[in-house]
Number of protein chains: 2
Amino acid sequence: MSRPPRETAAPAEPKPGRRTSQRPTIRDVSRLAGVSRMTVSRVLSDPELVLPTTRDKVFKAVADLGYVPDKTAGSLSSRRTGFIALMLPTLTNANFAAVAHGLTDALRGADYHLLIAYTDYDMAEEERQLRNLLARRPEAIVLTGAMHRRNASRMLMAADVPVVEIADLPSQPIEHAIGFSNYQVGRTAARYLLDRGFTRIGAIAASPEGEVTDHRGEERMRGFEEELRLARRSTDGVLRHGTAPVSFHHGAAAFRALVEQQPDIEAIFAVSDLSAVGAVMEAQRMNLRIPQDISIMGFGDFEIGREINPALTTIHVDFHALGLRTGKMLVDLLASDATPAPSTVDVGLRIVERASVRDR
Amino acid sequence: MSRPPRETAAPAEPKPGRRTSQRPTIRDVSRLAGVSRMTVSRVLSDPELVLPTTRDKVFKAVADLGYVPDKTAGSLSSRRTGFIALMLPTLTNANFAAVAHGLTDALRGADYHLLIAYTDYDMAEEERQLRNLLARRPEAIVLTGAMHRRNASRMLMAADVPVVEIADLPSQPIEHAIGFSNYQVGRTAARYLLDRGFTRIGAIAASPEGEVTDHRGEERMRGFEEELRLARRSTDGVLRHGTAPVSFHHGAAAFRALVEQQPDIEAIFAVSDLSAVGAVMEAQRMNLRIPQDISIMGFGDFEIGREINPALTTIHVDFHALGLRTGKMLVDLLASDATPAPSTVDVGLRIVERASVRDR
DNA sequence: TCCTTATATGGGACCGATATCATTTGGCAC
DNA sequence: GTGCCAAATGATATCGGTCCCATATAAGGA
């Protein structure tokens, strides 16, 4: 039944090596269980390959020693780190957090772990973080498209792993893209307000200057202004205020500035629900009635928009589903050894009509 | 000047090995630069050790090949992964996201990378995630205290790396703790409302049942009820509604349920600003005036609380600073080879008086 | 009984870096 | 010129797993 193990036993006096930690290794387990390292490895990765009696000896040894396998070593040997890199502008934004959440949900069970980095909307930081991430040899890279520095793009192409740009639809995707057109968001918002009969239409967003920029937000503003221009309406009501990222407070301050500057403004699109909610709150303080005096719409469908009074009309994108979908695609992609053609998925967007916009 | 390299050159026909990726390794760099691998390693980790001429050759080779060092291999060899594990209940909460942000800020430049996992408030998931994290051999572990399963605690003790419990003050810390007493938050809130002269005082929180539980929130409620009891006031107004995590919507629903159940309630403490803001919004819809009819206070000092009308009275904890402080402590701790005694830091809390609570 | 094949397990090389120690070189004092 | 020391660089073992292939045993067929 049990044959003598063939691996050499350790010398009674182990010579002083580099080993300092007392943490048990697979070798300790194998010795205790009286099997080879390889058998321990098999028991832990695919127990079916090993006889139940052997398996149980190994499990017992693992439990007795409190052995936790070292994935660093395993990764080096198997050339599979189990990491998926995710780079976002910030975590302090419910929608980006939802993306991470969705991704994790899709990856759970597939034995992948997210490696999260964020750039604080800073392109130089994006490049630094990307280098850090690549050094960890992720098996795939997920990041918000579509603007990258030249160097960052080059590193991504050279990485030789699937790259997915999310939350945007780049005109020149690096490889895969799952998202929506921020430009279309802007146009859709403007069209919606135009269709309601408004003529004096404004918008609030962050100032586009500098390396710290919300490019996706910029795209929304570009689409918004474009639609106004096509309708031959003035874009004077488009106000740039403060710096990215926007916030409730940003929205409040920008709203006040815009109304003081353009008292006859009828409807406002905010680059994010955060700004929009802030604007609604500031309007209350200014005794302006929403939507009777001014209509306001936002983007992102944040939870708070559903709860405020009046409830916020907004453009919805399902970010959790976006993350989920990205994760599923990656799991499939990494399971097959083929290299499928680059794909672009538009998850779409939809207007959520609530009470903060009325017909004129 | 230049001596012939002593490392053996690669055979012209490399025998078929396991190497499949074309990614350059340190060996490729060393050959191209005409130096040993060790010299390349030195140039990248401590350039001062190497002559400028040699250094430049190496840098050039690195650039030409687009070489990115493999930290997996480096970690295994140096026994330093550069990972710091962070386990949170969720990322979809601005305060926890702020902790992660602060930690990252402190770690930037120290060449550590956060390895983030979250539990969705599920104890079983905490254990699974912890096992995953430990397999990556983090150099320190940060997690929200103070409740862990037996197994989780044991794994933490055995991990043999610094452990920091945050956002709470455990009665039996595993090692270090940086946080505040959630129990005291509850007592402080109750005391504040009692001092304002209210007698019929209520609270809204999630139901405490099941494995999916917000223990920190529970502690706040425990402190709140305790203070009421000490003041010989009824705790009938303490309503448990729905499940964790709470949300704006949770607050709105719980508020309505509480007011319908106890129409004469005078003041309410919400376990989180999220609930509190939801409650304020629901009150508006019910035509209840805040604070004239009912006073409301929250916890967490979320940004939205500053912007709503009336602005929300709340209990503030600086979560970004908490993360920052944790990160700094870890950097110091990991730099010294001594093992300092376990420390507990109370970052304190303070009441932020705004307009949603009035004197009775 | 012997041979073939499938199943279970082991041996040793190897993944790509760094730690450690050895070696070479150059500079300087005598 | 010789000896010594510091600075620069190299050779090799090693980190802790897994891959690949070899080997031993069991099972089945002629």
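In this text the structure is predicted, and so the values were computed from the model without any measurement. Per chain, numbering begins at 1; letters A, B, ... match sequence-line order. Values reported hereafter were calculated over all heavy atoms of this structure, with side chains retained and with hydrogens, waters and symmetry mates removed.
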Between [atom2] of [N] and [atom1] of [X], the distance in whole Å:
X      : N      : atom1 : atom2 : answer
B:R27  : D:dG10 : CZ    : P     : 13 Å
A:D46  : C:dT9  : CG    : C1'   : 14 Å
B:L44  : C:dG16 : CG    : P     : 16 Å
B:L76  : D:dG16 : CG    : C1'   : 6 Å
B:R137 : D:dG16 : CZ    : P     : 9 Å
A:R37  : C:dG12 : CZ    : C1'   : 8 Å
B:R136 : D:dG17 : CZ    : C1'   : 13 Å
A:L51  : C:dG10 : CG    : C1'   : 14 Å

For this session: With sequence neighbours excluded, tell me which residues meet ring pair (Phe, Tyr, Trp, His ring centres under 6.0 Å) with B:Y121.
Result: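 B:Y121: no ring pair (Phe, Tyr, Trp, His ring centres under 6.0 Å) contacts found.
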Report yes if at least one side-chain N or O of [X] is closer than 4.0 Å to OP1 or OP2 of [N]; otherwise report no.
X     : N      : value
B:Y67 : C:dA17 : yes
B:T39 : D:dG10 : yes
B:S77 : C:dA17 : no

Exercise. Want to settle it: does A:V50 or B:D70 sit nearer the 5' end of DNA chain C, counting the closest nucleotide to each?
Worked result: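 The residue whose closest nucleotide sits nearer the 5' end is A:V50.
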Which of these nucleotides, [options], is closest to any side-chain atom of [X]?
X     : options                : value
B:T54 : D:dT18, D:dT9, C:dA17  : D:dT9
B:R42 : D:dT18, D:dC15, C:dC21 : C:dC21
B:T25 : C:dC15, C:dA17, D:dC15 : C:dA17

For this session: Taking all heavy atoms of B:V331 and all of B:A110, pick out the closest pair and write down the distance.
Result: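 Scanning both residues completely, I find the closest heavy atoms to be CG2-CB, 4.0 Å.
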For this session: Report the C-alpha separation of A:V164 and A:L330 in whole Å, then their side-chain angles, then the decisive distance to 0.1 Å, and conclude whether the side-chain contact (heavy atoms from CB on, under 4.5 Å) test is met.
Result: CA-CA 9 Å; A:V164 187; A:L330 284 177; 3.9 Å; yes
For this session: Mark yes or no for a side-chain to base donor-acceptor pair under 3.5 Å between B:S78 and C:dT18, with no hydrogen or angle criteria applied.
Result: no
Problem set entry | For A:D122, side chain to side chain contact (heavy atoms under 4.5 Å, CB included) partners two or more places apart | A:A124, A:E125, A:E211, A:V212
Exercise. Reckon B:T72 touches a base, only the sugar-phosphate, or nothing at all at heavy-atom distances under 4.0 Å?
Worked result: nothing
Exercise. When you measure from the centre of the six-membered ring of A:F83, is the NZ or CZ of B:R136 under 6.0 Å away and within 45° of the axis?
Worked result: yes
